[in-house]
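Below is one structure, written out as structure tokens, with a few remarks after it.
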Amino acid sequence: MSITFNGLPASLQASLRLSHLWWVPRGLLLGLLAFVIFGPLTNLVLWTVAERWYFPNTLPISYGFSFWARVFSPRGNAMEALGNSVLVAVLTVVLALALAIPAGFALARLKLPFRGLILIAFLLPQAFPNLPVYVNIARVFYQLGLNGTILGVVLVHMTHGLVFAVWIATAAFSAVDAELEQAARSVGASALRTFRDITLPLAMPGLMASAIFVFLESLDEFTGSYFVGAPDINMLPLLLYTASGGGNYQIASITALVLLVPSIGFMLVVERFLKSDVLSKVGH
Amino acid sequence: MPQPFLQIDTISVSYGKNRVLDGIDLDIAKGEFIALLGSSGCGKTTLLRTIAGFAMPVSGAIRIGSRNVTTLPPDKRGMALVFQSYALWPHMTVAQNIGYGLKLRRVPARDIAITVAETERLLGLTGLSHRKPAELSGGQRQRVALGRALAINPEILLLDEPMSNLDARIRLQVRHEIRALQQKLGITTVHVTHDREEAMVMADRIVILNAGRIAQEGRPETVYNHPQTGFVAAFMGAENRLILSGGEDGDVIAIAAGASNAACRVPRLGRVLSGGQIEARFRAEAATIAEMSPGGAHQGEGLVLSGDVVDVSYPGGLWRHTVRIGTEMIQVDAPRAVPPGTAVRITIAPDHLFLFDAPAGSPPPAQPHPVPVPDEARVLEASPF
């Protein structure tokens with residue numbers, strides 16, 4: 001840089017020169033961040049197309065799609081697992097929201113005693129180690145005949161999802177100004193009509209956010225699915241577990257990639273729904 | 001008083017152990033414009049919300065005509081409330097906001113469109129139909145809130161400080177717009193405000209609330225010129241307050257000479273004083289100021305006080321003097337400035353002098369004020385502050 005700053009004190013000139021080097025730490029930081037996020041993903045993608053890859057080699061020795069054929073072969077039951085996973089996740093979202101909407105509204109609006117305790121109660125299943133909780137649920141479900149059914153797995157996933165659903169729904173309803181509801185009452189809307197026309201549309205972005213969380217949680221859930229669902233209900237995370245346990249990284253990686261499809265698809269659907277001027281009203 | 005249309009019958013409201021309204025009695029005629037006036041925390045908004053049905057009274061009743069609505073939910077009362085925050089629905093357009101009440105009443109969409117267009121024209125909102133509330137100015141939002149309430153053609157319109165979020169210039173204009181609209185439509189209106197002038201110019205009748213009770217009600221000029229308590233007098237602008245001694249004497253009230261005031265007699269005008277200490281109140285513009293002439297003993301009509309000017313400022317129109325009377329400070333307006341340090345005589349005409357029994361525990365009548373030391377006066381005069 002040959003520009004001179006005549007008449008400027010030396011220290012200022014030095015700091016001006018330094019300011020040109022700002023991109024160095026910034027670039028390093030961003031690069032590091034990109035590596036942390038995309039590094040493992042790149043590895044995963046590499047594994048899905050690797051035919052042979054042994055220890056001292058940095059990159060796969062040969063590439064190919066033979067493992068894809070194995071995963072999607074009629075005996076590979078990946079598609080069945082994908083279908084089960086999506087079905088369970090959708091049912092979990094529907095049931096969790098069906099409970100969380102009235103519960104969240106009540107917690108946000110009514111002067112309930114022990115409001116804090118009720119909110120904490122939803123956290124309880126998370127407070128204990130997953131394993132003993134799910135083992136005991138499996139025992140109870142076995143007696144009820146719920147083991148190895150879709151409903152059983154959905155119920156287990158709900159113990160997880162309800163925390164997010166109820167907490168986020170409570171926050172979403174709290175963010176709706178009570179005066180907006182009173183204004184509707186004042187021009188003649190019944191309590192139910194007010195909820196339908198005013199409260200629910202205004203809380204919708206928050207409720208959609210909780211739906212995303214519940215859906216993704218359900219799609220990923222392993223422990224509960226394993227104890228309650230396996231071996232009758234085959235789910236993607238179980239498939240992933242079996243493949244990685246058997247040292248078959250290709251199949252595990254391909255399964256993981258398949259698992260990404262419904263996640264991203266659901267997020268795109270919800271985001272599209274949120275975008276239409278609703279998103280700008282979050283917390284309004 | 002014509003047949004009451006909206007009747008508030010000894011309403012009391014409590015929040016927990018805190019009694020917010022205590023036995024409010026108010027009869028409102030059809031088409032009347034009532035202003036509920038009071039400082040914050042006096043219960044005026046609570047009274048409005050109780051009328052609207054958003055607060056439940058612990059005792060008393062609210063009637064519209066012969067219908068008792070005390071326990072009815074807000075949507076069954078035939079009233080419309082305009083909120084201080086406007087409470088416009090952010091996910092609806094202007095037209096949807098205004099038309100919502102009609103939609104609830106299952107009015108055909110075509111008729112809704114006609115009413116909405118008419119309301120928009122009435123309120124100067126034409127062309128804004130498809131805007132969302134976030135895209136409107138404060139004044140426009142306020143008019144949408146008003147339009148939303150008016151569109152359902154309510155029997156009673158309730159206004160909760162609808163102008164407090166507007167800037168001063170728009171506020172003056174909106175006052176007249178709302179008043180004109182109310183007269184044109186003949187809607188019975190209850191308007192809550194803490195702005196005295198707003199209440200005066202808009203209302204047929206002013207109800208002043210203090211600590212959950214009605215302090216005084218009446219036509220604006222009655223409340224302004226004949227306040228019944230020191231609180232009302234202060235609220236209506238008579239901020240100057242002196243404690244004097246005196247009492248009733250037949251048809252007049254005799255005020256004894258004190259350290260800073262001459263003895264005087266003013267017509268009783270039906271006032272009842274128990275005697276002893278008197279609280280005298282008057283407005284800054286009701287007093288006249290004159291430099292003390294060496295002759296001294298000028299015996300004018302009304303109360304005459306002697307004091308000295310401490311400060312003078314120009315808020316516009318008249319010069320505002322701060323005058324020390326004994327240990328008290330009062331404000332006096334005059335068309336001509338009197339420099340600080342000047343010994344002056346303040347005269348208050350009898351009909352501008354409000355006299356009440358001094359509340360128990362008032363300090364004794366004004367002590368003789370310290371003789372102005374010329375040096376001190378000069379310092380004050382020269383002070384840049």
Side-chain angles (χ1 to χ4, degrees), chain A residues 101 104-106 108-115 168-169 171-211 270-284, chain B residues 15-16 45 48-49 51-55 72-93 96-107 119 130-135 141 144-160 162:
Chain A
I101 288 173
F105 184 71
R109 280 288 180 270
L110 309 179
K111 288 190 184 93
L112 291 176
F114 314 119
R115 184 175 175 272
I168 299 176
F173 284 123
S174 299
V176 177
D177 188 354
E179 275 197 351
L180 296 177
E181 294 170 354
Q182 291 174 350
R185 299 300 305 273
S186 166
V187 294
S190 65
L192 207 65
R193 194 72 202 262
T194 302
F195 183 79
R196 206 193 78 187
D197 290 348
I198 309 297
T199 319
L200 204 55
L202 290 175
M204 200 46 89
L207 297 177
M208 285 298 112
S210 77
V270 170
E271 195 230 20
R272 192 173 181 152
F273 180 72
L274 283 182
K275 244 186 197 162
S276 57
D277 87 309
V278 189
L279 201 62
S280 61
K281 302 293 182 328
V282 177
H284 213 280
Chain B
Y15 288 153
T45 294
L48 196 77
R49 294 177 63 85
I51 298 172
F54 292 116
L72 284 185
D75 47 311
K76 300 267 188 291
R77 293 194 178 201
M79 305 176 181
L81 175 59
V82 176
F83 290 81
Q84 184 174 9
S85 64
Y86 310 146
L88 298 179
W89 302 304
H91 59 304
M92 296 188 192
T93 62
Q96 285 168 332
N97 265 283
I98 295 175
Y100 182 67
L102 297 170
K103 199 173 135 197
L104 291 172
R105 285 160 180 74
R106 299 214 168 77
V107 175
T119 310
H130 300 294
R131 296 252 188 109
K132 292 276 175 73
E135 300 160 329
R141 283 180 210 180
V144 175
L146 195 62
R148 184 174 66 180
L150 291 175
I152 61 167
N153 195 14
E155 286 183 299
I156 296 163
L157 180 65
L158 305 172
L159 305 170
D160 185 8

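Note on naming: letters A, B, ... go to the chains in the order of the sequence lines (proteins, then strands), and numbering restarts at 1 for each one.
- What you find for A/Val187 and B/Arg105 is that their closest heavy atoms are O-NH1, 2.7 Å.
- For B/Ala87 against A/Ala183, the heavy-atom pair with the smallest separation is O-CB, 3.8 Å.
- Expressed to the nearest 0.5 Å, how far CD of A/Gln182 lies from CZ of B/Arg49 amounts to 4.0 Å.
- Contact annotation for B/Ile152: only side-chain heavy atoms (C-beta onward) come within less than 4.5 Å of a heavy atom of chain A.
- With a 4.5 angstrom heavy-atom cutoff, B/Leu158 does not touch chain A via any of its atoms.
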List the steps and the verdict of side chain to side chain contact (heavy atoms under 4.5 Å, CB included) for A/Ile198 and B/Met92.
CA-CA 9 Å; A/Ile198 309 297; B/Met92 296 188 192; 3.7 Å; yes

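- Other residues, nucleotides and ligands contribute at most 12 non-hydrogen atoms within 6.0 Å of the CG atom of A/Leu192.
- Residues in residues 191-203 of chain A take part in these side-chain hydrogen bond (donor to acceptor under 3.5 Å, both in side chains) pairs, two or more places apart or across chains: A/Glu181-A/Thr199, A/Arg193-A/Asp197, A/Asp197-B/Tyr100.
- To the nearest 0.5 Å, the span separating CZ on B/Phe83 from CD on A/Glu179 amounts to 5.5 Å.
- Scanning both residues, A/Ala184 and B/Leu104, for their nearest heavy atoms gives O-CD1, 4.5 Å.
- Nearest approach of B/Leu88 to A/Leu180, heavy atoms of both residues: O-CD2, 3.2 Å.
- Residue with the most contacts toward chain A among B/Ala145, B/Ser85, B/Pro73: B/Ser85 (heavy-atom pairs, distance under 4.5 Å).
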